[in-house]
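Here's the structure, in structure tokens; my notes come after.
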Amino acid sequence: RGARRHLDALLGSYSEVTVRMAHLAQVVRHSNRGKEVAGAVQFDSEPGNALHAVMVSANAVMQTEIKNFLRGCLDPDAKDGGADGGRSAPPPADRRSGAGVAYEQNLFSLGILAPVTPRNNMEVPVPEEGAAATSSSPGRSSREVLADLPPDKFAQRVLFSPKHSRTGPSVRHALHFRRGVAHFAAFQRSVVAELAEATGQDVSSPSFNVGFDSAESAVGYLDGVVERCLLPILQGDAIDGTVNALESRRAFAPVYTPDRPRPTGAGAAAQPPPLHDLCLSCRVLSEVTSPLFDALRRLPAGGDLHSPLVAVLEHVILTFISRAKVRVREICAGKTADELLGGDAASDSEFGTALERSVAYAVFIGYFDGMDDGPSPGVTPSGGTGTENRMVALAPSNSDTRTKHPAIRSRAPEGGGGDGDAGETTEEAYLRALFSFSDHNFGEGLVCCDEAELADASCLANSLLQLSSKLDQRLMSNETGAAAANKPSGETRALRSAIGTIRAHGKRMAKFVKVDLMVNAVQTLSQITLSSTLVSVETVRIPACVTHLSDFLSKACASICEAAGNRIAAYAFAGMERFLADIMMQNVRLVASGNFRRGLRHLTIVGIDTMNRSISLLYRDLKAIMSFDGSFWDETVAVESFMVVSKYSTLLELTMEQLETYCRRNRNEFDDADYRLMFASETPTRKGDVAVYHKLKDKVEI
């Protein structure tokens, strides 16, 4: 930072000198225009070229001074590129220095004025490297000694002194200096062009072009250092670091860190939960590509160094994607959730696309887009027609247990429902095939993840989404402003496509975790009708599958929160309250229809009470599980969903007369198929007779 401030001051001083010399040249050219030049001072034959040689010489001196200063800051001759701070080798001796030689060493002198005085002609002792400069001659202070140092030695001995700086000269500083030097070069060119235009100088003459382009500019020197020394270092760090991280045995393993303290105060409730740490490979890729993206931003777009940088970034990211794909298939292969999402197909299935239409998904993805509140209700994503991707906000809670997410609370319209229709959510419509329990032999044909696999999948989803968001933001910052207009079309198209591939895999893994939890719930709760508790005549006992599901969901939620954070857990459990209620509703229908292994003749009142208590237990346990920060739990939806299932299960206890009375008073509570099924069912308190329902229907015109 000190070297940058010093360089800015140096360039500012040179800019003032350039302006004053341009003003002087303009005055001289106008005063000598139209009259013969006489006297000791001889100008060019053309008055418009007066002082041109002086301008060229001054530019050469300034460029030399800037390059010497940059050489001292960068130390490009170091074998390791300055990896150890640039202090391993002493700086090269200044070719201008020597005893008894009169020259001006002041940084701001430009070498134009060099009066021979005892002070300038004397040999100035140079302080040893790493030692503080002191006054060693009579009448000279330490500031005067430092001012007489050459630019390269001044940078190495003073600006990068171990006493004042933690870093030494290194080629890694080149990109920090380039923008200021490039601005100074552009300023010089504009001043010379304005001077030529104002005084009628012939800019097409060979002498004009050769004069300013004969010496290597400071920008050209910097670009040469970047190309020869810096880019190989950055490329090696990026490739080697990524490959070493991917070869690690814990490349994609979850990173468990202590819980971060939550913010407190008035605005704490409106803040989203913090992002979780990345896995090892994603963290290393983000770190090693950061200097490359920084170089991409600092170097001129479309230049000779721009395309190689983009190629290296693309190579590193594609290498990472090749390993990430393998890890994704290792986790998902053979799972029922993966088959529902399309398996190895390049694109998601219709079910996977339907999952993206929910508000919970929009808010979840909004976290990684930098939009914590997600899209506004009714907003259609770009490229849509305005109907197929329309999203409806979740309903707000009216009870004491409100939804944990403030964005849904603030956006929910009055009287709003859930994620989809009044009857069922979008994802539930595609999971209806799983509700035919006999098709998968009551869960035996379903394959799900265990807790460790869910933790790995959720960690991978969180890491890939965070990584893609960081890379995309860095790339977007490089393509904004005036540089984007001059950038060749499609130069970073492949790089952006690679980043999009990482994001697609992250989305796929997040949806996989959510669907796997749903499939696991179906696999477990489908065994309720096989439990002996439904035929028990002694005491009420909760089926083992119900308690097993509660324990599994509790452990899975804790594992996901620890491995990937609350954001992934919130999306994975979003809508779970309605989905579990639908599974229990299907179990009640199966019991009422008699199409389960033990037969209706074994159903007892104790078994019906067991069903009711199982429904209540699932509601209480799920409410406790989803009590973490950022949860999408909706108390209103949960109460309504489980209340409907509980009421329908209670109909099994009623006699035929009581069922008729209930149906007459609550005609719209259940649909026609559910009422017909309940009237046809045989329970411990009645014999099934669907004709009674038809007569009642004709009588009351249901």
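Everything numeric in this text was worked out from a predicted model, so none of it was measured.
- For the pair Arg327 and Ile331, the minimum side-chain heavy-atom distance is below 4.5 Å.
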For this session: Under the side chain to side chain contact (heavy atoms under 4.5 Å, CB included) rule, what do Glu339 and Val515 come out as? Steps first, then yes or no, please.
Result: CA-CA 10 Å; Glu339 297 176 1; Val515 176; over 6 Å; no
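- Between Cys459 and Val255, the closest side-chain pair of non-hydrogen atoms is not below 4.5 Å.
- Side-chain atoms of Ser559 do not come within 3.5 Å of backbone N or O of Ala455 as any donor-acceptor pair.
- Between the side chain of Thr685 and the backbone N or O of Glu653 there is at least one donor-acceptor pair closer than 3.5 Å.
- The backbone N or O of Glu657 sits less than 3.5 Å from a side-chain atom of Thr661, completing a donor-acceptor pair.
- Nearest heavy atom pair, residue Arg329 against residue Gly343, reads NH1-O, 3.7 Å.
- Separation of the Tyr571 and Phe632 ring centroids does not fall under the 6.0 Å cut-off.
- Counting heavy atoms from C-beta on, the side chains of Gln586 and Ile528 never come closer than 4.5 Å.
- Atom SG of residue Cys663 and atom CG of residue Leu654 lie 11.5 Å apart, to the nearest 0.5 angstrom.
- Although no hydrogens or angles enter the test, the distance criterion places no donor-acceptor pair under 3.5 Å between the side chain of Ser641 and the main chain of Arg578.
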For this session: Applying side chain to side chain contact (heavy atoms under 4.5 Å, CB included), run through Cys282 and Phe320 and close with a yes or a no.
Result: CA-CA 8 Å; Cys282 293; Phe320 171 83; 3.5 Å; yes
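- Within the 4.5 Å cutoff, side-chain heavy atoms of Leu696 are placed close to those of Arg664.
- Put simply, NZ on Lys695 and CG on Asp689 are 7.5 Å apart, with the number rounded to the nearest 0.5 Å.
- At a threshold of 4.5 Å between non-hydrogen side-chain atoms, the residues Ile542 and Arg613 count as touching.
- Here the shortest heavy-atom pairing between Leu652 and Ser681 reads CD2-OG, 4.4 Å.
- To the nearest 0.5 angstrom, Ile583 atom CD1 is 8.0 Å from Met576 atom CE.
- The aromatic rings of Phe368 and Phe364 stand perpendicular to each other, their planes meeting at an angle above 60°, with 30° marking the opposite boundary.
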For this session: Evaluate side chain to side chain contact (heavy atoms under 4.5 Å, CB included) for Phe679 paired with Leu651, printing each intermediate quantity in order.
Result: CA-CA 9 Å; Phe679 273 91; Leu651 297 182; over 6 Å; no
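- A donor-acceptor distance shorter than 3.5 angstrom exists from the side chain of Ser248 to the backbone of Arg250, with no hydrogens or angles considered.
- Contact check for Leu525 versus Val546: side-chain heavy atoms found under the 4.5 Å cut-off.
- Looking only at side-chain heavy atoms (C-beta outward), Val522 and Leu446 come within less than 4.5 Å of each other.
- Listed here is the closest heavy atom pair of Val645 and Met585: CG1-N, 3.8 Å.
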Exercise. Checking salt bridge (charged side-chain N to carboxylate O under 4.0 Å, His left out) for the pair Asp450/Lys555: CA distance, chi angles, key distance, verdict?
Worked result: CA-CA 10 Å; Asp450 55 19; Lys555 294 178 181 178; over 6 Å; no
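- The main-chain N or O of Asp629 is found under 3.5 Å from a side-chain atom of Asn566 such that the two form a donor-acceptor pair.
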For this session: Determine, step by step, whether Glu635 and Lys623 satisfy the salt bridge (charged side-chain N to carboxylate O under 4.0 Å, His left out) criterion, reporting the C-alpha distance in whole Å, the side-chain angles of both residues, the deciding distance to 0.1 Å, and the verdict.
Result: CA-CA 8 Å; Glu635 180 71 11; Lys623 181 177 180 180; 3.7 Å; yes
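- Ser627 contributes a side-chain N or O that, together with a main-chain N or O of Ala624, makes up a donor-acceptor pair within less than 3.5 Å.
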Exercise. When you look at Lys335 and Glu453, which way does the salt bridge (charged side-chain N to carboxylate O under 4.0 Å, His left out) test go after all the steps?
Worked result: CA-CA 11 Å; Lys335 305 298 190 299; Glu453 291 175 328; 3.8 Å; yes
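- Across every non-hydrogen atom of Cys561 and Ala569, the tightest pair is SG-CB, 3.6 Å.
- Heavy-atom minimum distance, Cys448 versus Gln523: SG-OE1, 3.6 Å.
- The main-chain N or O of Lys325 is never found under 3.5 Å from a side-chain atom of His505 such that the two would form a donor-acceptor pair.
- The shortest heavy-atom contact between Phe573 and Leu517 is CE1-CD1, 3.8 Å.
- Between Tyr693 and Tyr675, the ring planes are parallel. Angles under 30° get that label, and only those over 60° would be called perpendicular.
- Rounding to the nearest 0.5 Å places CG of Asn587 at 10.5 Å from CZ of Arg589.
- Listed for the Ser469 side chain is no donor-acceptor partner under 3.5 Å among the backbone atoms of Leu465.
- The side-chain heavy atoms of Leu471 and Ser286, taken from C-beta on, include no pair separated by under 4.5 Å.
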Problem set entry | Check against side chain to side chain contact (heavy atoms under 4.5 Å, CB included), Asp472 and Arg503 | CA-CA 10 Å; Asp472 192 56; Arg503 185 177 182 83; over 6 Å; no
